[in-house]
Amino acid sequence: MDTAPAQDPGQLTFRDAADADVPALVTLIESAYRGDSSRTGWTTEADILQGRRTDPDGVRKVVEAPGSRLLVVERDGALVACCQLEHRGEAAYFGMFAVRPGLQGAGLGKVIIAEAERTVRESWGVREMHMTVISVREELIAWYERRGYRRTGELSPFPYGDERFGIPQRDDLVFELLVKNLV
């Protein structure tokens with residue numbers, strides 16, 4: 001949803017996450033996607049998934065994995081967002097994108113995704129950014145399409161039965177691959 005006028009995002013700083021950031025990152029990611037706090041923003045998955053979105057071990061694995069970066073986004077020293085970047089040959093994978101719910105809809109996401117694209121282009125020389133989005137998240141997919149991502153129609157199954165990814169509230173969940181050319 002990008003109907004709100006773009007506001008000055010303030011002084012944003014981007015840095016790689018450290019192990020000490022893991023607890024705050026888990027809290028941020030959970031607040032953006034699950035539970036009542038997520039309903040403050042528009043990226044909530046609370047109506048389609050319950051349970052946890054991630055946990056400290058999952059976030060720590062992203063922080064420590066070779067070829068992976070978890071970007072921490074801060075404004076005036078406070079954590080406001082994060083995103084995962086993973087080097088996959090000619091492409092980078094974009095995931096674990098979370099913006100504090102009360103700050104969503106004001107243009108911050110546009111700034112962060114543009115910085116993520118610039119980062120992977122310059123750091124890894126990749127030609128494409130890939131991401132997977134739950135296919136029933138039409139509003140979110142439309143937001144990414146406005147940023148230049150295209151639906152591929154390439155679907156992968158949702159991991160039903162693996163509560164590390166949440167507890168599905170419906171039986172039609174699949175991931176769709178979205179791709180953006182970065183050159």
Side-chain angles (χ1 to χ4, degrees), residues 1-4 6 9 14 17 25 28-34 38 41-49 53-54 58-59 61-62 65 67-73 80-101 103-160 162 164-166 168-183:
M1 168 189 277
D2 57 352
T3 57
F14 295 81
L25 289 166
L28 170 68
I29 294 163
E30 291 296 313
S31 74
Y33 289 95
R34 301 289 162 75
S38 69
W42 68 276
T43 61
T44 185
E45 294 174 341
D47 294 329
I48 60 172
L49 293 162
R53 176 67 149 64
T54 192
V59 172
K61 285 178 184 174
V62 172
S68 176
R69 299 172 71 178
L70 186 55
L71 285 185
V72 170
V73 184
V80 296
C82 68
C83 64
Q84 170 192 11
L85 303 172
E86 185 179 315
H87 191 190
R88 295 183 178 177
E90 292 288 314
Y93 178 79
F94 179 82
M96 212 173 274
F97 186 29
V99 174
R100 189 181 299 163
L103 300 176
Q104 293 177 15
L108 192 58
K110 293 177 200 177
V111 173
I112 294 166
I113 199 166
E115 177 63 16
E117 292 164 358
R118 184 198 66 75
T119 297
V120 299
R121 238 184 353 261
E122 291 182 8
S123 297
W124 298 326
V126 297
R127 304 175 60 80
E128 290 183 335
M129 184 79 92
H130 293 186
M131 71 175 71
T132 55
V133 179
I134 297 173
S135 65
V136 298
R137 305 280 322 276
E138 293 293 338
E139 186 178 11
L140 182 59
I141 291 171
W143 187 87
Y144 284 121
E145 287 178 313
R146 291 190 297 275
R147 312 278 88 67
Y149 288 81
R150 64 179 169 75
R151 297 180 87 154
T152 65
E154 186 177 322
L155 304 177
S156 56
F158 186 87
Y160 283 93
D162 188 343
R164 291 177 302 161
F165 297 93
Q169 301 302 295
R170 44 194 293 176
D171 63 2
D172 61 344
L173 303 181
V174 294
F175 292 106
E176 182 170 358
L177 176 66
L178 306 182
V179 174
K180 180 176 181 178
N181 188 338
L182 299 178
V183 292

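What you see below is based on every heavy atom in this structure, not just the backbone, and it leaves out hydrogens, waters and symmetry mates.
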J.: Take Glu115 and Val73 through the side-chain contact (heavy atoms from CB on, under 4.5 Å) test and state the conclusion after the steps.
T.: CA-CA 10 Å; Glu115 177 63 16; Val73 184; over 6 Å; no
J.: Do other residues, nucleotides or ligands put more than 12 heavy atoms under 6.0 Å from Arg151 CZ?
T.: yes
J.: For the residue pair Arg69 and Thr119, confirm or rule out a side-chain donor-acceptor distance under 3.5 Å.
T.: no
J.: Nearest 0.5 Å, please: how far is CG in Leu178 from OG1 in Thr132?
T.: 8.0 Å
J.: Find the distance between CD (Glu176) and CD1 (Ile134) and round it off to the nearest 0.5 Å.
T.: 12.0 Å
J.: So how far is it from Phe175 CZ to Met131 CE, rounded to the nearest 0.5 Å?
T.: 13.5 Å
J.: Could you walk me through whether Glu122 and Arg118 pass salt bridge (Lys or Arg N to Asp or Glu O under 4.0 Å), step by step?
T.: CA-CA 6 Å; Glu122 291 182 8; Arg118 184 198 66 75; 2.5 Å; yes
J.: Between atom OH of Tyr144 and atom CZ of Phe94, what is the distance when rounded to the nearest 0.5 Å?
T.: 5.0 Å
J.: For atom CD of Glu154, decide whether the heavy atoms of other residues, nucleotides or ligands shown that lie under 6.0 angstrom number more than 12.
T.: no
J.: Looking only at heavy atoms, which two atoms of Asn181 and Arg127 are closest? And how far apart?
T.: OD1-O, 3.3 Å
J.: Do Ser68 and Tyr93 pass the side chain to side chain donor-acceptor pair (under 3.5 Å) test, and can you show the C-alpha distance, the side-chain angles, and the key distance before you say yes or no?
T.: CA-CA 9 Å; Ser68 176; Tyr93 178 79; over 6 Å; no
J.: To the nearest 0.5 Å, what is the distance between CD1 on Ile29 and SG on Cys82?
T.: 4.0 Å
J.: Does the side chain of Tyr33 reach to within under 4.5 Å of the side chain of Thr54, using non-hydrogen atoms?
T.: no
J.: Specify the closest pair of heavy atoms between Trp143 and Lys110, including all atoms of both residues, with the distance to one decimal.
T.: CZ2-N, 3.7 Å
J.: For residues His130 and Arg88, determine if any side-chain heavy atom of one lies less than 4.5 Å from a side-chain heavy atom of the other.
T.: no
J.: To the nearest 0.5 Å, what is the distance between CD (Glu86) and CE (Met96)?
T.: 10.0 Å
